[in-house]
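Only this structure's heavy atoms are used, side chains among them; waters, hydrogens and symmetry mates stay out.
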Amino acid sequence: MELKDTVDLMNSEDYKERFKAEYLQTKIRYKKLHATIIKYEAGTLGFQPSCPIGMLKEQKTYMENYLRTLEIRAEIELIELD
């Protein structure tokens, strides 16, 4: 899934669908950031990030916590994320 695949959900009148879009968008970005960090640490990234790798790792931690929070909320509100 790509970000463009979440557009219809994001534009929905149903808050549960918008919530799902937000979750999916964050998850997509998280996975890309994770892959960037792995490649950086393996020495295969192919470019030098303009910010410190520690900042990217910190961002990843916040994103991971946000995803967890969204997952808990979805469970409470009975929102299907898959």
Side-chain angles (χ1 to χ4, degrees):
M1 177 171 281
E2 297 180 32
L3 288 174
K4 66 180 179 176
D5 299 324
T6 66
V7 172
D8 289 339
L9 290 171
M10 197 59 166
N11 290 321
S12 173
E13 294 293 323
D14 183 354
Y15 88 93
K16 288 184 177 186
E17 289 187 356
R18 291 192 311 272
F19 183 96
K20 183 176 180 177
E22 181 175 350
Y23 173 78
L24 292 171
Q25 290 169 2
T26 304
K27 193 170 182 179
I28 291 165
R29 290 181 173 104
Y30 173 85
K31 286 181 177 183
K32 288 182 179 185
L33 179 59
H34 176 76
T36 297
I37 292 169
I38 294 299
K39 288 180 179 182
Y40 178 88
E41 291 179 340
T44 60
L45 186 55
F47 69 93
Q48 181 65 36
S50 56
C51 66
I53 192 68
M55 184 173 285
L56 297 178
K57 289 180 179 181
E58 182 178 0
Q59 178 183 350
K60 181 181 172 228
T61 298
Y62 287 121
M63 291 174 79
E64 187 172 31
N65 289 333
Y66 184 55
L67 285 169
R68 181 180 166 275
T69 301
L70 291 175
E71 290 167 356
I72 293 168
R73 182 178 164 202
E75 184 70 23
I76 292 168
E77 296 187 23
L78 303 174
I79 300 171
E80 185 67 37
L81 295 177
D82 295 322

Would you find a donor on one side and an acceptor on the other, under 3.5 Å apart, between the side chain of D5 and the backbone of E2? yes
Determine yes or no for a side-chain-to-main-chain donor-acceptor pair under 3.5 angstrom, with K20 supplying the side chain and D82 the backbone. yes
Nearest 0.5 Å, please: how far is CD1 in I28 from CG in L33? 14.0 Å
Pair F19, E77 - check side-chain contact (heavy atoms from CB on, under 4.5 Å), show working. CA-CA 11 Å; F19 183 96; E77 296 187 23; 5.6 Å; no
Supply the atom-to-atom distance Y23 OH to L81 CG, rounded to the nearest 0.5 angstrom. 5.5 Å
Atom of M63, atom of Y30 and distance for their closest heavy-atom approach: CE-N, 3.4 Å
Side chain proximity check, L3 to R29, heavy atoms < 4.5 angstrom: yes
Distance, nearest 0.5 Å, that separates CG of L67 from CG of L24: 10.0 Å
Within this structure, what is the CG-CG distance for the pair L70 and N65, rounded to the nearest 0.5 Å? 11.0 Å
Residues K57, E41: salt bridge by 4.0 Å N-O rule: yes
As a quick check of understanding, evaluate side-chain contact (heavy atoms from CB on, under 4.5 Å) for Q25 and M10, giving each step before the final call. CA-CA 10 Å; Q25 290 169 2; M10 197 59 166; 4.0 Å; yes
Stepwise side-chain contact (heavy atoms from CB on, under 4.5 Å) check, L56 with Q59: CA-CA 5 Å; L56 297 178; Q59 178 183 350; 4.2 Å; yes
Would you check if the side chain of R18 reaches a backbone N or O of E13 as a donor-acceptor pair within less than 3.5 Å? yes
